[in-house]
K.L.:
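I'd like to ask you about the structure that follows.
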Amino acid sequence: TIDPARRLAQSLGLEEMGAEAMEVDRALFSGVGVELSGTLTAAMLDTKRTFDDLVVKHSSTREKADRLLNNKLYKYISASLAGTQEYMAMEKLVEVKADGRYDLIVLDTPPTANALDFLDAPERLVGMLDSAAMKWFSEAFESSGKFSLNILAKGASAVLKGISKITGGGLLEAMAEFIAEINELFGGFKERARHVERTLRSPDVAFILVTSPSPPSIREVLYFGDRLAEAAMPRGAFVVNRVRRAPPFAGQVGEGEAAAGLGLHALTLDADAAARLAEAHGDATKMAALDAHNIQALDGDVAAGVPIVKVAERATDVHDVRMLADLGAVLMAGGDLE
């Protein structure tokens with residue numbers, strides 16, 4: 001997972017989730033009557049650590065790797081630059097996919113539009129490394145091992161001198177050193193980014209798009225679905241979560257029926273309880289119908305062979321292994337709503 005929310009770890013009975021894969025205690029499953037045929041492990045993405053591992057892997061020497069790892073600009077970029085987390089999540093996914101210990105890998109992303117960054121992350125990384133600005137800095141550093149504006153074209157030199165007056169020369173030197181060091185890794189990173197792209201389009205990878213029945217969420221997931229289709233990346237399913245279920249009685253509840261129902265259970269409530277019960281039933285029926293109407297916007301994708309899995313709203317949040325197992329059974333059965 002790259003989602004920092006702790007609910008998943010808590011549901012799995014883990015105090016915390018770190019970068020190292022942790023096997024969930026089998027006793028948690030057997031204790032609630034869940035049969036476990038294999039093992040389940042969980043981990044939280046450490047963006048910087050994943051980036052560091054790439055640097056070490058592709059550097060020609062450990063000394064060069066350490067020089068880059070200790071660069072001030074690298075330390076910022078590897079942890080904070082927009083898109084880095086998404087790209088490193090893809091890197092981690094590819095790494096784990098190649099690990100023979102696992103049969104199925106699930107990458108859980110934050111529920112935001114930033115999930116779209118996954119599609120562009122490999123291309124953006126290659127574009128950044130191969131940009132004109134990167135080449136400028138690399139040229140300014142290569143000849144002497146120190147940053148020099150003298151060898152650059154006059155226009156580029158003037159621009160960078162202007163920047164240095166604002167930021168200080170130290171930043172430009174750090175940038176030049178960073179670019180010179182990472183330039184050596186460019187071939188490895190570029191090929192790796194292409195490999196990530198190919199992996200995302202492979203037949204054993206699929207994107208599960210999770211949404212709620214609200215119109216803004218439906219519009220967002222449809223946009224994401226279209227982006228996946230344009231990028232030739234497979235959509236495995238739409239999961240519509242927390243769909244309100246129509247009350248069991250499909251007709252209209254009058255005050256007389258409500259009062260009779262209350263009396264049947266020997267309930268003594270306020271004088272207007274029957275009227276309020278009838279009104280609440282009507283409202284619940286309307287809200288369920290509204291959710292069903294909103295979900296119809298996904299029907300075009302059903303025709304394209306993408307299943308829609310509708311999961312009814314639960315009385316409480318999922319917070320333990322038993323509830324996770326029950327929810328898993330619902331998902332694998334294709335949902336619990338027609």
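None of the values given here were measured: they were computed from a predicted structure.
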K.L.:
Ignoring hydrogens, what is the shortest heavy-atom contact between Pro307 and Gly305? Give both atom names and the distance.
P.N.:
CD-O, 3.4 Å
K.L.:
To the nearest 0.5 angstrom, please state how far the CG atom of Asp317 sits from the CD atom of Gln10.
P.N.:
10.5 Å
K.L.:
What about Leu14 and Val32, same hydrophobic cluster or not, with Ile/Leu/Val/Met/Phe/Trp/Tyr joined at side-chain heavy-atom distances under 4.5 Å?
P.N.:
yes
K.L.:
May I ask you to test the Leu12-Met22 pair for a side-chain heavy-atom distance under 4.5 Å?
P.N.:
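The answer is no; the side chains never approach within 4.5 Å.
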K.L.:
Shortest non-hydrogen contact from Ala237 to Val306?
P.N.:
CA-CG1, 3.8 Å
K.L.:
Ignoring hydrogens, what is the shortest heavy-atom contact between Leu200 and Val205? Give both atom names and the distance.
P.N.:
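Shortest heavy-atom separation between Leu200 and Val205 comes out as O-CG1, 3.9 Å.
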K.L.:
Distance-only, no hydrogens or angles: does the Arg235 side chain make a donor-acceptor pair with backbone N or O of Leu209 under 3.5 Å?
P.N.:
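Such a contact is absent between Arg235 side chain and Leu209 backbone.
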K.L.:
Nearest 0.5 Å, please: how far is OG1 in Thr211 from CD1 in Ile295?
P.N.:
8.5 Å
K.L.:
Are any non-hydrogen side-chain atoms of Leu222 and Ile218 less than 4.5 angstrom apart?
P.N.:
yes
K.L.:
Return the CG to CG distance between Leu107 and Leu45, rounded to the nearest 0.5 Å.
P.N.:
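It comes to 8.0 Å.
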K.L.:
Pick from Val221, Val239, Asp108: which one makes a side-chain contact (heavy atoms from CB on, under 4.5 Å) with Val210?
P.N.:
Val239
K.L.:
Mind listing the closest non-hydrogen atom pair of Arg201 and Ala231 along with its distance?
P.N.:
NE-O, 2.7 Å
K.L.:
Search all heavy atoms of Ser202 against all heavy atoms of Pro234 and return the closest pair with its distance.
P.N.:
O-CG, 4.2 Å
K.L.:
Would you call Leu337 and Arg244 a side-chain contact if the rule is heavy atoms closer than 4.5 Å?
P.N.:
no
K.L.:
Rounded to the nearest 0.5 Å, what separation is found between the CZ atom of Phe29 and the OG1 atom of Thr39?
P.N.:
9.5 Å
K.L.:
Looking only at heavy atoms, what is the nearest atom pair of Asn294 and Pro215, with distance?
P.N.:
ND2-CD, 3.7 Å
K.L.:
Would you compute the distance between atom CZ of Arg322 and atom CG of Leu28 and round it to the nearest 0.5 angstrom?
P.N.:
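Rounded to the nearest 0.5 Å, the CZ-CG separation comes out at 12.5 Å.
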K.L.:
If you apply the rule side-chain contact (heavy atoms from CB on, under 4.5 Å), what do you find for Arg49 with Lys92, and how did you get there?
P.N.:
CA-CA 10 Å; Arg49 180 172 172 178; Lys92 195 67 177 178; over 6 Å; no
K.L.:
Sub-3.5 Å donor-acceptor pair from the side chain of Asp336 to the main-chain atoms of Ala312, do we have one?
P.N.:
yes
K.L.:
Is there a side-chain contact (heavy atoms from CB on, under 4.5 Å) between Asp204 and Lys97? Walk through the geometry before answering.
P.N.:
CA-CA 10 Å; Asp204 54 348; Lys97 182 174 177 289; 3.3 Å; yes
K.L.:
With a 4.5 Å limit on heavy-atom distance, are the side chains of Val106 and Ile208 in contact?
P.N.:
no
K.L.:
Taking C-beta and beyond as the side chain, do Thr285 and His281 meet within less than 4.5 Å on heavy atoms?
P.N.:
yes
K.L.:
Measure the spacing between CE of Met323 and CG of Asp326 and express it to the nearest 0.5 Å.
P.N.:
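These two atoms lie 8.0 Å from each other.
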K.L.:
For a salt bridge (Lys or Arg N to Asp or Glu O under 4.0 Å) check, start with the C-alpha distance between Glu279 and Arg276, then their side-chain angles and the critical distance, and finish with the verdict.
P.N.:
CA-CA 5 Å; Glu279 181 180 2; Arg276 287 191 287 118; over 6 Å; no
K.L.:
Apply side-chain contact (heavy atoms from CB on, under 4.5 Å) to residues Leu298 and Lys310 and explain how you reach the verdict.
P.N.:
CA-CA 12 Å; Leu298 300 174; Lys310 289 175 267 189; over 6 Å; no
K.L.:
Just by modelled atom types, is the Ala27 backbone N or O under 3.5 Å from a matching donor or acceptor in the Asp25 side chain?
P.N.:
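Such a contact is found between Asp25 side chain and Ala27 backbone.
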K.L.:
Give me the one residue out of Leu290, Asp291, Asn241 that meets side-chain contact (heavy atoms from CB on, under 4.5 Å) with Pro213.
P.N.:
Asp291
K.L.:
In this structure, are over 12 heavy atoms from other groups packed under 6.0 Å from Asp99 atom CG?
P.N.:
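Counting other residues, nucleotides and ligands, CG of Asp99 exceeds 12 neighbours.
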K.L.:
When you look at Lys64 and Leu68, which way does the side-chain contact (heavy atoms from CB on, under 4.5 Å) test go after all the steps?
P.N.:
CA-CA 6 Å; Lys64 289 186 176 182; Leu68 181 55; over 6 Å; no
